[in-house]
Novice: 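There's a structure below that I have some questions on.
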Amino acid sequence: MKIVECIEVTKTYQQGQLSVRALKDISLEITRGEFLAVAGPSGSGKTTLLNMIGGLDRFDSGNIIVDGAAYENLSQSQLAYLRLHKIGFVFQAYNLIPVLSAIENVEYVMLLQGLPASTRRFRARAILDEVGLAGKYDRRPAALSGGQQQRVAVARAIVSDPAIVLADEPTANLDSKNGQGLLEMMKQMNTEKQITFIFSTHDRMVMEYAQRLVKLRDGRLVNDESKN
Amino acid sequence: MRGIAVGMVKNGIITLTGHIQIHHKGYRIDPSIENSMTDSRVVEKALLEKLRPGANWVRRVRVNAIANNARHSNGVTLVGIEPQAEANVSFIGSAVFKGRYLRPKDENGILVGEALLKKFETKIGRKLVLMAQNTKQEIASRAFRIVGVFRSEMESTEKQFVFVTRSASQKMLKMGESISEISILLPEGADIDDLTKSLKSTLPTDQFEIHDWRDLLPFQTAYLRILDGFMWFWFLVVFVAMGFGIVNTTLMAVFERMREFGLMKALGMKPWWILRAVLVESFVLLVCGMIIGNSLGFLSIYALSGNGIDLSALAAGAEYAGMTRIIYPAAALKDVIVANLTVLLLGLLVSLYPAIKASRFTPVQALTHI
């Protein structure tokens with residue numbers, strides 16, 4: 001079952017008088033439950049593609065359909081609703097809210113969804129336990145290691161059972177041990193919960209874990225291979 | 001500003017003006033002895049009927065005169081008063097600081113202001129001769145003995161007015177029972193316009209003219225009007241400056257947290273929620289500022305309500321502007337409400353720009369904002 005469909009997506013950035021084509025006619029289909037890595041050198045368009053799929057930025061032409069919703073016709077508010085309910089994000093720099101504790105960071109998405117406090121607290125604790133952060137609920141991000149912060153970010157991304165999780169270079173700021181632990185955890189969630197993970201990466205280890213590897217170069221899709 | 005205006009008006013009212021005055025027709029244009037009220041019984045009857053408890057009124061003789069002693073002479077206003085009743089209506093009852101106040105049957109005593117006493121280089125117990133035109137068109141002259149010295153808010157008042165008993169002035173000026181004016185002082189909160197209107201409809205308009213303090217104190221009335229206009233101008237200047245301050249502060253607060261807004265948007269916060277969050281934050285800050293500002297303002301007024309702001313050192317300049325020597329800070333409810341509402345509404349209005357700006361950034365623009 002298709003969960004993401006990119007149809008000839010093009011995106012050009014204007015840098016002063018210079019136009020930079022970040023994505024050129026990208027067409028891609030991703031099915032539910034895939035563990036997919038988008039790889040390529042810096043400037044190849046990996047992050048731009050993930051931003052487009054996540055509805056964080058607008059494309060110039062083409063279309064993207066996520067879980068049946070075509071972005072072309074969606075307003076900013078509708079895109080926000082889609083992100084809130086169907087997409088989870090894991091950023092390279094963790095992007096946790098520094099003034100909130102680990103459990104509050106995880107609860108934040110459910111707060112936006114309007115869930116009652118007791119449900120939020122119960123689900124946030126459960127998911128933090130699942131990512132190996134039991135007992136660290138009340139720690140602020142600054143009191144957690146990089147690996148632990150990224151686990152909180154993963155917990156925040158999956159706590160509301162999204163259709164897809166977009167992870168932009170999630171291991172880039174982690175050492176190999178923490179990176180591997182994080183990937184193991186995400187792989188397990190992918191297997192057990194059938195959550196679709198889409199990574200952008202140039203980390204060999206991530207590419208090895210991925211079931212499917214999509215390669216970009218200069219904004220073009222140059223290779224798309226599945227391992228099984 | 002409001003304290004200055006309130007002080008000016010209060011001082012004007014207790015300095016022989018009162019809230020309402022009744023004169024013989026034509027007295028305001030020509031305040032001469034010929035325009036005295038020869039029979040004021042109809043007025044007194046009307047006042048007894050219409051005035052509520054707490055209101056006081058008094059009959060006076062008021063004519064221009066010349067005061068002189070062996071060394072000096074000066075133009076003054078001779079005021080013939082009923083000592084006991086006058087004490088409830090004007091400042092003079094509590095203004096004598098040296099000597100004594102007039103007694104009801106005091107036929108020779110006179111009260112003079114401190115400034116006049118100094119100018120005439122005289123003292124209590126000495127004589128002062130008053131000259132004025134009497135009802136027979138002749139110059140009447142009579143010596144009074146200084147029994148008391150008064151102080152007032154304004155030096156000009158001390159130089160201008162001398163007080164004798166009404167009966168003494170009437171005898172000197174051969175006025176019989178005629179009087180120059182009836183002055184009415186109403187209790188706080190009384191409806192002056194209503195009483196003025198009622199008196200105008202009761203008393204024969206061909207014999208009497210009735211004026212409230214706004215007619216009688218045109219300078220103070222004009223000052224109040226100018227002050228009201230100036231207050232609006234002041235509000236405008238302060239609030240424009242405040243508006244820029246708020247826009248600047250809110251914009252900085254928004255830009256500083258652009259990454260957080262970007263993150264919130266990425267996680268699913270709608271643009272409208274961000275706009276609302278910025279506005280709510282501005283609202284809370286404005287309300288806190290208003291609470292602190294109002295508290296400090298009211299505390300200052302309370303702290304200065306006892307002794308006021310003493311402008312004695314600048315008495316001449318202050319008096320030139322019609323201000324009293326001591327200004328008691330005051331706040332009018334209207335000013336408080338207008339100022340607070342303007343701060344709140346203008347604050348929210350100018351916060352709209354940064355709020356809209358914050359809500360319009362795409363998550364990518366916001367997350368990559370440095």
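Proteins come first, then strands; the chains are lettered A, B, ... in the order of their sequence lines, and each starts at number 1.
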Novice: Tell me, please, which residues at least two apart from Thr171(A) pass side chain to side chain donor-acceptor pair (under 3.5 Å).
Specialist: Asp203(A)
Novice: Quick check: does any side chain N or O of Asn190(A) sit under 3.5 Å from a backbone N or O of Ile195(A), one acting as donor and the other as acceptor?
Specialist: yes
Novice: Which N or O donor-acceptor pairs, by atom type, sit under 3.5 Å across chain A and chain B?
Specialist:
{"residue": "Arg83(A)", "atom": "NE", "partner": "Lys265(B)", "partner atom": "O", "Å": "2.9"}
{"residue": "Arg83(A)", "atom": "NE", "partner": "Ala266(B)", "partner atom": "O", "Å": "3.4"}
{"residue": "Arg83(A)", "atom": "NH2", "partner": "Lys265(B)", "partner atom": "O", "Å": "3.0"}
{"residue": "Asn95(A)", "atom": "OD1", "partner": "Arg259(B)", "partner atom": "NH2", "Å": "3.3"}

Novice: Check whether Leu263(B) gets within reach of chain A through its side chain, its backbone, both or neither, counting any heavy atom under 4.5 Å.
Specialist: side chain
Novice: Give the minimum heavy-atom separation between Ile87(A) and Ile53(A), together with the two atoms involved.
Specialist: CD1-O, 3.9 Å
Novice: What do the steps show when you test Lys193(A) against Glu130(A) for salt bridge (Lys or Arg N to Asp or Glu O under 4.0 Å), and what is the final call?
Specialist: CA-CA 12 Å; Lys193(A) 299 185 177 183; Glu130(A) 204 174 318; 2.9 Å; yes
Novice: Say you draw a straight line from CD1 of Ile65(A) to NZ of Lys2(A); how long is it, rounded to the nearest 0.5 Å?
Specialist: 7.0 Å
Novice: Among Leu49(A), Leu36(A), Ile26(A), which residue satisfies the side chain to side chain contact (heavy atoms under 4.5 Å, CB included) criterion with Val214(A)?
Specialist: Leu36(A)
